[in-house]
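Take a look at the structure below.
The analysis underlying the following values was restricted to heavy atoms, covering all of them including side chains, and did not include hydrogens, waters or symmetry mates.
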Amino acid sequence: MTTISPEAKQICEDNYKSNCPRCPLRPACVKSVNSQESYDRWQAAITALAEQLTREGLS
């Protein structure tokens, strides 16, 4: 089971209230989740994108 990384949580926290529509995690965040398997994939996608953004200095 995958969990959301601290980097992803921080990016979300930084953007949720004032910048959600333009949040850099939004492409992965708004995916439909309807099963445990899709939830696990969603968490992995959020974490991977957050790690990429952090490496590239875009978060």
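Of the inter-residue distances, the one linking Lys9 atom NZ with Ile4 atom CD1 reads 7.0 Å to the nearest 0.5 angstrom. Rounding to the nearest 0.5 angstrom, the gap separating the CD atom in Glu56 from the CD atom in Glu51 is 12.0 Å. Taken from CH2 in Trp42 to OG in Ser32, the straight-line distance is 11.5 Å, to the nearest 0.5 Å. For the atom pair CD of Gln10 and CG of Leu25, the computed distance is 11.0 Å after rounding to the nearest 0.5 Å.
Of all non-hydrogen atoms in Ala50 and Glu7, the two that sit nearest each other are CB-C, 4.1 Å.
With Ser5 as the fixed residue, the side-chain contact (heavy atoms from CB on, under 4.5 Å) test singles out one of Thr54, Thr47, Ile11, Leu49: Thr47.
Taking Glu13 as the reference, nothing meets the salt bridge (Lys or Arg N to Asp or Glu O under 4.0 Å) condition, with sequence neighbours excluded. By the salt bridge (Lys or Arg N to Asp or Glu O under 4.0 Å) test, Arg41 pairs with Glu37, sequence neighbours left out.
By the 4.5 Å heavy-atom criterion applied to side chains, Asp14 and Asn19 are not counted as neighbours.
If you chain together hydrophobic residues whose side chains sit under 4.5 Å apart, Val30 and Ile46 never meet in one group.
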